[in-house]
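Some notes on the structure that comes next.
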2 protein chains.
Amino acid sequence: MVDKMGILNVKNHILVIQVFFMRKAILRNRQLLLYGGSLALLLFLLRWLELRLIIFDHSFEVYIGAIALLFTALGIWLAQKLTRPKTVLVEKQVFVPEQPFRLNEPEMEKLGISRRELEVLELMSAGLSNQEIAGKLFVSLNTVKTHSSRLFEKLDAKRRTQAIEKAKKLRLIP
Amino acid sequence: MVDKMGILNVKNHILVIQVFFMRKAILRNRQLLLYGGSLALLLFLLRWLELRLIIFDHSFEVYIGAIALLFTALGIWLAQKLTRPKTVLVEKQVFVPEQPFRLNEPEMEKLGISRRELEVLELMSAGLSNQEIAGKLFVSLNTVKTHSSRLFEKLDAKRRTQAIEKAKKLRLIP
DNA sequence: AGCAAAATCACCCGGAAGTATGAATCGTTT
DNA sequence: AAACGATTCATACTTCCGGGTGATTTTGCT
């Protein structure tokens, strides 16, 4: 009786180890019950095989082999279920819609270009004449001229085309 | 004797199954020898345990438990080794060095812009004056003027700045 | 309230840009 | 050889651009 209890304890111990192993691996996996159930079933099967094969006496090795196979399968199944997928990084070419132009404010500050001057610069780079710019901004032609003159000074340009080129390089206009 | 051979046959059969199982799984994996070796080692261990534990008589269940644990571990190890990684696609932002400008030849053809005119256009967009362009191309100022006039016609532009703007949109210049 | 920077406008002038027209030269195609 | 387009150059004229100077108004900040 005591002996039998001892054996049972050892078996329980093994069971505990197995369950612990599983728990640790799955943790927040709610399929724990399923695992427990299947393990219990396995142990029943084991006991059944034991009883059955003892009658057939010396099939001991067969028994061991079956156990080995069974638990190998169990291990594989466990691993399949419990391992998190090995992630593989695959670089995939993606079209990046070009960024919507960010004004280079520091350069603006540095050159001392005012808001109005920037407006004139933008319209200039769009290909408008001074007269057209004046019309768009509701100011006189002379005003546009003074703005553009200051602009050329600040950008160190002699012509409007040069000013546009430099401003584009400084990212003041798209 | 015959009986022993029978047992051996059964054991061999199990071994064959195991090996077959592994072969099927790994197939073109050249680590087959390693697996075979480790399995053989396991079976040796098994036999040793068998002999040893039979002396300790009724530790049968402990034996079974150990086998179970061992082969569970084997199964897990096998699965780990043999499963191909589950691939996960992760889009990763990659800097694309901007393409080095490709001339839009079809548009050139369509508009009937000549080689020389393109040269003038490029220098214009660089901010040069007609006089400077004439100097760079070793031609007279008048020549540059005629080229630019034709250019404005073909590009349907009234001013050089407008021509530059349109040409950039048509990818005739960078 | 007062100051500085920004924005507005004006006038003049020289030069650059653009238009119109005509023409010579050269290489390719038919 | 003739035709064509590209390239070259010229003259004359108009329009636009940019420089220089000065002035007034508006706005933001202290």
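What you see is a predicted model; the values in this text were computed from it and never measured.
When the C1' atoms of four end pairs are superposed on the next four at each end of the helix from C:dA1-D:dT30 to C:dT30-D:dA1, using five pairs per end, the two resulting axes differ in direction by 50°, to 10°.
The two residues B:G127 and A:T161 have their closest heavy-atom pair at CA-OG1, 3.5 Å.
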Inset, instruction - With side-chain contact (heavy atoms from CB on, under 4.5 Å) as the test, would you mind laying out the steps for A:Q162 and A:F152 before giving the verdict? - result: CA-CA 9 Å; A:Q162 203 177 8; A:F152 299 155; over 6 Å; no

Inset, instruction - Carefully, step by step, assess A:T146 and A:T143 under the rule side-chain hydrogen bond (donor to acceptor under 3.5 Å, both in side chains). - result: CA-CA 5 Å; A:T146 52; A:T143 304; 5.3 Å; no

Legend entry - Pair B:L111-B:L170, side-chain contact (heavy atoms from CB on, under 4.5 Å): steps then yes or no: CA-CA 11 Å; B:L111 294 176; B:L170 294 175; 3.8 Å; yes

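Separating the CZ atom of B:F138 from the P atom of D:dC9 is a distance of 12 Å, rounded to the nearest angstrom. Protein atom NZ of B:K158 is 20 Å distant from nucleotide atom C1' of C:dA16, rounded to whole Å.
When each of A:E107, A:K166, A:E122 is checked for a side-chain contact (heavy atoms from CB on, under 4.5 Å) with A:L172, only A:E107 meets the rule.
Residue B:R159 places no side-chain N or O under 4.0 Å from the OP1 or OP2 atom of D:dC16.
Within a heavy-atom distance below 4.0 Å of DNA chain D, the residues of residues 107-132 of chain B found are B:S114, B:R115, B:R116. For the segment residues 139-157 of chain B, the set of residues with a heavy atom within less than 4.0 Å of an atom of DNA chain D comprises B:V139, B:S140, B:N142, B:T143, B:T146, B:H147, B:R150, in numerical order.
Considering only heavy atoms from C-beta on, A:K168 comes within 4.5 Å of B:K168 through its side chain. For the pair B:M124 and B:I133, the minimum side-chain heavy-atom distance is below 4.5 Å. Side-chain contact check for B:L141 versus B:K145: some heavy-atom pair is nearer than 4.5 Å.
Applying the side chain to side chain contact (heavy atoms under 4.5 Å, CB included) test to B:L103 and every residue at least two apart in sequence or in another chain returns B:F101, B:E105, B:M108, B:L118. For B:K154, the salt bridge (Lys or Arg N to Asp or Glu O under 4.0 Å) criterion is met by B:E117, not counting sequence neighbours.
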N/O contacts under 3.5 Å, protein versus nucleotides 26-30 of chain C?
none

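A salt bridge links A:R159 with B:E132; the closest basic N to acidic carboxylate O contact falls under 4.0 Å. Using a cut-off of 4.0 Å between Lys/Arg side-chain N and Asp/Glu carboxylate O, B:E153 and B:K158 are scored as not salt-bridged. A salt bridge is defined here as a Lys NZ or Arg NE, NH1 or NH2 lying under 4.0 Å from an Asp or Glu carboxylate O, and B:R116 with B:E119 meets this definition.
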